[in-house]
Amino acid sequence: MIIQFEPNISQESRQIVAEEMKAHKYKTTEVKTQKGDYLVGIGKEHFDIRKIGHLDGIKDIHVVSDDYKLVSSKWKVNQTQIDLGDGIKIGDGEFAIMAGPCSIEGEENIMKTIEHLKANGLSIMRGGVFKPRSSPYSFRGMGLEGLKLWYKLAREHGIKIVTEVMQVSQIEEMYEYVDIYQVGARNTQNFNLLDELGKVDKPVMIKRGISGTIDELLYSAEYVFSAGNERLMLCERGIRTYERASRNTFDINAIPILKDKTHLPVIADPSHGIGIRDYVEPIALASTIAGADGVIFEAHEVPDKALSDGQQTLSFDASSRLIAKIRKVLELNGSY
Ligand code: PEP
Ligand code: MN
C-alpha cells in the first residue's frame, strides 16, 4: 500500500496514520523524496482503504499488489519524465538517444564525440571514466580527472553526461560533473550504492544485472526510490545465457514487460546487449519499436582503436545512420 501525504501533514497526523496501519498488521516505512512524501505499508490484510483515506493529511492512497511498490505502475498512472534541464527530457513521450565511447579516452576523443553528437542533434553523451573490467589488466578508465575534463568540454557545448559510478565514495566526488549516474550491470544489487544514490538529487540509470531478473531490476530501483530519489530510469543491457554466439542475450521481452510494470523510463543498450558491432542497429531499432524510452549505444571515431569494447562500438557513420533510422521508426510509431 502507498499512502501519499499532503506536503504540510502534521507530525500528529503522521502518527495517527501509522497507528491505523499498525492496527491492520502493516509494517510501514516513511519515504520522503524530492518530489513526494509517502508512507509505504507492507501487509497482507485486506481492508477498506476509506478507513485510512479520510484521515487528515492524506492526499491519496493506493493498493499495490506488486512486491515492489513505489516503482510500480499500479499506483502512478502518469509516466515518469526525467528533466535534465536546458529542455532535455527523458520519458513520457521524450525519446532519448545517448551515444559515446565505452571509455572516455582523452580530449581528442571527447571533442570528436561531442562534434558527432551535435552534428546529429543529440545532447547526452555516454562514456565511462571508472570502468568495471572483467580483467584487472584492461584499461580501467581515466578516473575523476578524465571526468573533469569531459565535463568542461561537454558544458562548453551544451552536452549532458551519463557515466558509471562504481562505489559509494565516488558519488560525492563525481556529483558536480555528472547529469546521470549510471549503475552498471555488475553493481545492480550493490544495495549500499543504491541506498546512497537515493540521497542524491541527480538522476540515476540502473542497468539490469548480468544474471538479473526483471523483478530484481525493479527491486533495485525500489531501493533508490525508497531512499529518496524518484529520478530514475532502467536499462536493459542483455543477460548472460547459455548462448555464446553473442556477448550477451538482449532481452527484447524486457522492454514491453518493464513498460507495463513500471512508470519509470526504460532505456535499451544494444551495444552491451549483443556485443557485436554489425548487429547493434537491428537491436536498437527493435527496442525502439518495442516501446523503449531511449537507447544508449557505443560510438567512437575509430572503433577498432577504442580502448575498450571496440568490437561492439559503431563508427560515427554507422552511428549517424542508426540515429536517422531510429527517428524514422519513431515517426512511424507516432505515439512517441
Ligand atoms: C557501460 O555501459 O559502460 C557498461 C560497463 O555497461 P554494463 O554495466 O551494462 O556492462
Ligand atoms: Mn562498454
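For ligands, and for the atoms within them, numbers begin at 1 and follow the listed sequence.
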**ring-ring contact (aromatic ring centres under 6.0 Å, His included) evaluation trace for F47 with Y26** = CA-CA 11 Å; F47 63 91; Y26 272 64; 5.6 Å; yes
**Prompt:** What angle, to the nearest 10°, do the atoms OE2 (E298) and NE2 (H272) form about the Mn ion (ligand 2)?
**Reply:** 90°
**Prompt:** Closest N/O/S atom of D309 to the Mn ion (ligand 2), by atom name?
**Reply:** OD2
**Prompt:** Does a side-chain N-to-carboxylate-O contact under 4.0 Å join E196 and K199?
**Reply:** yes
**Message:** Could you tell me if Q4 and D37 have a donor-acceptor pair between their side chains, going purely by distance under 3.5 Å?
**Reply:** no
**Prompt:** By number and element, which atoms of ligand 1 are closer than 4.0 Å to a non-hydrogen atom of G184?
**Reply:** 8 (O)
**Complete:** For atom 8 (O) of ligand 1, the closest protein heavy atom turns out to be A185 N, 2.7 Å
**Prompt:** Under 4.0 Å from any heavy atom of E164, which atoms of ligand 1 are there?
**Reply:** 5 (C)
**Asked** Ignoring hydrogens and geometry, is there a side-chain-to-backbone donor-acceptor pair from D66 to Y68 under 3.5 Å?
**Response** no
**Taking atom 4 (C) of ligand 1 as the reference point, the nearest protein heavy atom with its distance** = H272 NE2, 3.6 Å
**Request:** Look only at the side chain of K25 and the backbone of K22, and say whether a donor-acceptor pair between them is shorter than 3.5 Å.
**Result:** no
**Fill in**
Closest heavy-atom approach to atom 9 (O) of ligand 1 among R247, K131, Q182, R237 is made by R237
**Prompt:** Counting N and O atoms only, with roles assigned by atom type, does the side chain of S220 sit under 3.5 Å from a partner on the main chain of T188, one being a donor and the other an acceptor?
**Reply:** yes
**Asked** Any N or O of D269 that comes nearer than 3.5 Å to an N or O of ligand 1?
**Response** no
**Prompt:** Quick one: nearest non-hydrogen protein atom to atom 6 (O) of ligand 1, plus distance?
**Reply:** K207 NZ, 3.0 Å
**Asked** Where does the angle between the aromatic ring planes of H116 and F316 fall among parallel (under 30°), tilted (30 to 60°) and perpendicular (over 60°)?
**Response** parallel
